[in-house]
Amino acid sequence: MEATVKIFRFNPETDQKPHFETYTMPVESTDRVLDLLEYIKGNFDGTLSFRRSCAHGICGSDAMRINGRNYLACKALVKDVGLKIKVEPVLGLKVIKDLIVDMDPFFEHFRSVMPYFVNDEPPPAKERLQTIEERERFDDTTKCILCACCTTSCPSFWANQEYLGPAAMVNAHRFIFDSRDRAAAERLRILNDQFGVFRCHTIFNCTIACPREIEITQAIGELKNAISTGALE
Amino acid sequence: MKNHQYDVVVVGAGGAGLMAALYASKTANIAVLSKLYPTRSHTGTAQGGVGAALANDEEDHWEWHAFDTVKGSDYLGDQDAIDFMCEEAIAAVYELEHYGLPFSRTAEGKIAQRPFGGHTNNITKKPVRRACYAADRTGHMILQTLYQQCLKNHVNFFDEFQVVDLLVNNGTVAGVVATEIGTGEMHVFHTKAVIIATGGHGRIWDVTSNAYAYTGDGIAVAMRRGVPMEDMEFFQFHPTGIYKLGILITEGVRGEGGVLINSEGERFMERYAPTVKDLASRDVTSRAMYLEMKEGRSINGKGYLYLDVRPEVVNKYAALDGRKNLDGTPYVVTGEQILAKLPDIVDFARTYLGVDPVTQPMPVQPTAHYTMGGIPTNRFGEVVIDEKNTVMPGLYSAGECACVSVHGANRLGTNSLLDIIVFGKYAGLRAAEYALGSAYQPLPADPADYARAQFDAIRNAKGSENIITVAKEMKVVMMDKVGMFRTGEGMAEALQKVRELRQRYKEIQLTDQGKIFNTDLFNIWELGNMLELAEMITIAAHARTESRGAHARDDYPKRDDANWLKHSLAWVRENGQIDLGYKPVVILKHQPKERVY
Ligand SMILES: Cc1cc2nc3c(=O)[nH]c(=O)nc-3n(C[C@H](O)[C@H](O)[C@H](O)COP(=O)(O)OP(=O)(O)OC[C@H]3O[C@@H](n4cnc5c(N)ncnc54)[C@H](O)[C@@H]3O)c2cc1C
Ligand code: FES
C-alpha cells in the first residue's frame with residue numbers, strides 16, 4: 001500500500017510564508033500517522049519538525065490537524081484516516097515551525113483556573129476518605145493530557161484566543177467536583193468571566209476531538225449549571 | 001548565550017524531578033529544566049500502580065514489601081536503601097493523596113490496591129494487594145498532581161530546555177549548560193547543586209515500551225564528566241508489550257486475573273512459577289515467554305503469545321486457583337468491571353491491535369522497559385563516585401536514571417513510581433540543604449565550550465550515513481545480543497557492531513542547519529548518547545559471567561554469589577576507554593537464597 005501525505009511546511013528562518021509538500025511512501029494499515037512523519041523526516045527531509053514522545057496517546061505532544069480534524073498523530077492510524085493524508089498544525093495557536101505551534105497561550109489559560117488541589121485543613125494521618133461515587137463524579141476529567149486537541153478545534157477559541165477554552169475548563173472541573181477540594185467557589189468565579197464558560201456555544205467539536213474521549217461539552221455544561229444554580233450537583 | 005543563577009537546578013520534570021523540585025523549593029531558589037513540557041514526561045505513561053504496604057484490604061507490612069523487593073532484585077539491591085524506601089512508601093503515598101491525587105477507592109473510601117508481580121504475603125506466599133492505583137493511569141495522575149502542586153508553589157520552569165553538559169570545578173558541581181530548543185540558544189545555569197532526574201534509555205532496544213525521549217541524556221552528560229555508572233548491564237524486559245509495537249500492557253491486567261497463554265491453549269506460567277503463576281517477577285515471566293516461543297509454542301508461529309483477560313478466562317483460572325474476594329466469596333469479574341479497572345488498556349488494544357480485550361485475547365511479546373542501572377547514589381540522592389561511595393559535592397540524582405540501588409538486577413512493578421517519589425523527595429531536601437550551606441563554584445571562562453564542540457561536530461559532519469539506519473542497526477543488535485538472553489559470543493559481536501556504529505555515527509549528515517526547533521540536531525545528539533551507553537552496557541554485561549535477574553546468560557545460566565554478588569561501576573576515561581570496577585552489595589537481614597515464585 002502507498003500513502004500520499006501532504007504536509008504543511010513553514011520554516012521561519014528561510015520561508016516568507018507557509019506551503020505544502022507532498023510525500024509518497026509505502027505504508028501498512030496499522031501504521032500511525034506519527035510513523036509516517038518519522039519516515040519522512042528520516043528518509044526525505046530531516047528538517048520536518050514536530051513534537052512527539054510517548055507514541056501511544058498519553059503524553060499529549062503531537063496534536064495536529066489530520067484531514068481537517070484534530071488528532072494525536074500517534075493515535076491516528078492509516079486505516080482510520082485513509083491513504084490520502086493532509087497534515088497541518090492545529091488552529092488558533094501561532095505556528096513556530098512546520099507542525100509545531102506556540103503552546104504558551106494554551107498553558108496560560110490552563111494555569112489561570114487554579115488547576116491544583118486546594119484544601120488547607122490539616123490532613124488526617126492517613127488518606128482523606130472519599131467514596132467510590134464521589135471519586136467517580138470527576139473521573140472523566142482526570143484523564144486530560146493537555147494535548148490541546150479540544151481547545152484548538154473550538155470555533156469560539158478561533159474567534160477569540162482570550163477565551164479560556166475547553167481544556168482549561170476540563171481541568172477546573174476536575175477540582176471543582178472533587179469532594180476533597182475547597183476552592184470550587186473561587187474557580188467558578190474565574191470561569192464566570194467574560195472569557196469563561198459562557199463563551200461555549202455547545203458546538204461539540206471538543207468532545208469529538210478529544211483523544212481521551214472525555215465528555216467535554218457535558219463537563220462544561222455542568223460548570224455552567226454550577227455557576228447558574230450555585231450548587232455542585 | 002544567556003546566564004542564570006539558582007541555588008539548585010533540577011534537570012528533568014518527571015515524577016522524580018517534580019518531587020525534588022517541590023521539596024527543594026521550600027527553602028532554596030531553584031529552576032527546573034526539562035526537554036519536554038513537564039506533563040509530557042514518561043511518568044505519565046505508568047499504568048498499574050505505586051507500591052506501599054498500606055494494608056487497606058488485607059494484612060501487609062513494609063518489611064514484607066522490603067523482602068519482596070530484595071528477592072525481586074535477585075539479591076543485588078542494597079538492603080539499607082530498600083528498607084528505607086519501603087518504610088517511607090506509606091507516608092509518601094499518603095502525601096500524594098494529600099496533594100489531591102485521585103486514587104481509585106475501596107468500598108470504605110480508602111486508597112484502592114491491587115496485586116502485582118512479585119508482591120506477596122510473606123507467610124502464605126500468595127499475591128498481596130499492595131499496588132495503590134488510580135485506574136490504569138496511576139503515573140498520569142502522579143505526574144499531573146506533582147506538576148499542579150509545583151504550579152501552586154510557583155516553581156520556576158524552563159520548559160523545552162535540553163541540558164547538554166554538566167559543569168564541574170575541582171570535583172564540585174558548578175552548573176549546567178542547556179539549549180533552549182525553541183531558539184537554539186545556549187544557556188548557562190550557574191548553580192550550587194544539580195539534581196539529575198532525566199529518566200531511562202529504553203530506546204536503545206528495538207521493541208520498547210519507552211518514549212522517544214528515553215535516550216539516556218542525563219547519564220551520558222554525567223559520565224562524560226567522569227561520573228561512573230552503576231549496574232548498567234541490568235535492563236528490564238517487561239513481559240507484556242503489544243506485539244511489534246512494544247506499547248506496554250500493565251501487569252495490572254494479570255493482577256486483575258489475566259493469564260498468559262501459549263499456542264496449545266496452556267496457561268504455561270504454572271510450570272515456571274507454581275505458587276504465584278502469572279504474577280511472578282518480570283525477569284522470570286519474560287524468560288518463560290521467551291522459552292515457550294523458542295520451543296515452538298508461540299501463537300501462529302509468530303513472535304507472540306496471548307495475554308487473555310476475557311471474563312470467562314479470568315473466572316475459569318480464578319476458580320482453579322481458588323482466588324477469593326476479600327469477603328471470602330469466589331473472585332468473579334464481568335466485562336464491565338474489566339473496562340472500569342483497565343480503561344486505557346482496553347483503548348490501546350482497540351486502537352493499536354484492533355482487538356477488544358473483553359472478547360479477544362491480546363497478542364503480546366516482551367518489551368524493553370526499565371533502566372535498573374545508572375548514576376550511583378546513596379539513599380539521600382547524593383551521587384557517589386567510587387567503590388568507597390565517596391559523595392560528589394553538589395551532584396544529586398533520582399528516578400530511573402539513578403541507581404540507589406533498590407532494584408538491583410530486576411525491578412518489581414510499582415517500585416519505580418515509589419522510587420521517584422521517595423528518592424525525589426530526599427534528593428530535593430538534601431540538595432537544598434547543601435546549596436544553602438555552600439558557595440558557588442567559579443565557572444570556567446567559556447562554560448559552554450564543550451557543549452558547543454559536540455554540536456559543532458554534528459553540524460559540520462560530512463558523510464552519507466543516515467540517522468535512521470544507524471539507530472536501527474543499534475536497536476536490532478542490542479535486542480538480539482544484549483537483550484533478554486545473552487551469550488559471551490553474542491555480546492562480543494554486539495560490542496564490535498556498536499563500536500563500528502560509533503564510527504559511522506560521525507558521518508551522519510545533518511539536514512537541518514537552522515536554530516529554531518532543530519529536532520534533527522537533537523535527534524543525532526541523542527543517538528550519540530545511546531551509542532555511548534550501548535557500548536558501556538555491553539561491556540558491563542560481557543564482564544558479568546553469571547545469570548542474575550534481568551541479566552540472563554546461556555553460557556553462565558546460574559547465579560554466582562561467590563564471585564558476582566557485587567555492583568559494577570563503569571567509567572568512561574578521557575580517551576574513550578571504558579573501565580570497570582565493583583563495589584559490595586549492602587546485605588542486612590536477608591541472606592541470598594534461591595529464588596522460587
Ligand atoms: C509504559 C510504562 C508503564 C509503567 N508503569 C509503571 C507502574 O505501573 N509502576 C511503576 O512503579 N513504574 C512504572 N513504570 C516506570 C516508571 O513510570 C518510570 O520509571 C518513572 O516514571 C520514571 O520517572 P522519572 O521521573 O525518573 O523520569 P521521567 O518521568 O521520564 O522524566 C524524565 C524527565 O527528564 C527530562 N529530560 C530528559 N532528558 C533531558 C535533558 N537532556 N535535558 C532536560 N530534561 C531532560 C524529560 O523531559 C522528563 O521531564 C512504567 C514505565 C513505562 C514506560
Ligand atoms: S506522542 Fe505522546 S501523545 Fe502522541
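Lettering of chains follows the sequences in order, A, B, ..., and the numbering in each one begins at 1. Everything numeric in this text was worked out from a predicted model, so none of it was measured.
Minimum interatomic distance between A/M103 and A/R51 (heavy atoms only, all atoms of both residues): CG-NH1, 3.7 Å.
Both the backbone and the side chain of B/I516 come within contact range of chain A, with heavy atoms under 4.5 Å apart. With a 4.5 angstrom heavy-atom cutoff, A/L146 touches chain B via backbone and side-chain atoms both. For A/K143, the parts sitting under 4.5 Å from any heavy atom of chain B are the backbone and the side chain alike. Using a 4.5 Å cut-off between heavy atoms, A/K75 contacts chain B through both its backbone and its side chain. In this structure, chain B has heavy atoms under 4.5 Å from both the backbone and the side chain of A/E38.
A/D35 has a carboxylate O that lies under 4.0 Å from a charged side-chain N of A/R32, or vice versa, which qualifies the two as a salt bridge. A salt bridge between A/R212 and A/D140 is absent, with no side-chain N of the basic residue lying under 4.0 Å from a carboxylate O of the acidic one. One finds no salt bridge joining B/K110 and B/D57 here, because no Lys/Arg side-chain nitrogen approaches an Asp/Glu carboxylate oxygen to under 4.0 Å. Between B/D512 and A/K41, none of the side-chain N atoms (NZ, or NE/NH1/NH2) sits under 4.0 Å from a carboxylate O, so this pair counts as no salt bridge. Of the charged side-chain nitrogens involved, at least one lies within less than 4.0 Å of a carboxylate oxygen, so that B/R137 and A/D139 count as a salt-bridged pair. Salt bridge present: B/K35 and B/E526 bring a charged side-chain N and a carboxylate O closer than 4.0 Å.
Looking only at atom types and distance, the side chain of B/D217 has a donor-acceptor partner in the side chain of B/Q162 under 3.5 Å away. In this model, no donor atom of one side chain and acceptor atom of the other lie less than 3.5 Å apart for B/E108 and B/N56. When only modelled atom types and interatomic distance are considered, B/Q113 and B/D60 share no side-chain donor-acceptor pair under 3.5 Å.
Aromatic ring centroids of B/Y214 and B/H42 lie under 6.0 Å apart.
B/Y37 meets the ring pair (Phe, Tyr, Trp, His ring centres under 6.0 Å) test with A/F107, B/Y147; sequence neighbours excluded.
Interface check for chain A: of the options B/N210, B/I247, B/I468, the most heavy-atom pairs under 4.5 Å are formed by B/I247.
Contacts with chain B (heavy atom to heavy atom, under 4.5 Å) involve these residues of residues 12-24 of chain A, listed by number: A/P12, A/E13. Residues of residues 43-50 of chain A lying under 4.5 angstrom from chain B, judged on non-hydrogen atoms, are A/N43, A/D45, A/G46, A/T47, A/L48, A/S49, A/F50 by number. Of all residues spanning residues 89-97 of chain B, those with a heavy atom less than 4.5 Å away from chain A's heavy atoms are B/Y94, B/E97, arranged by number.
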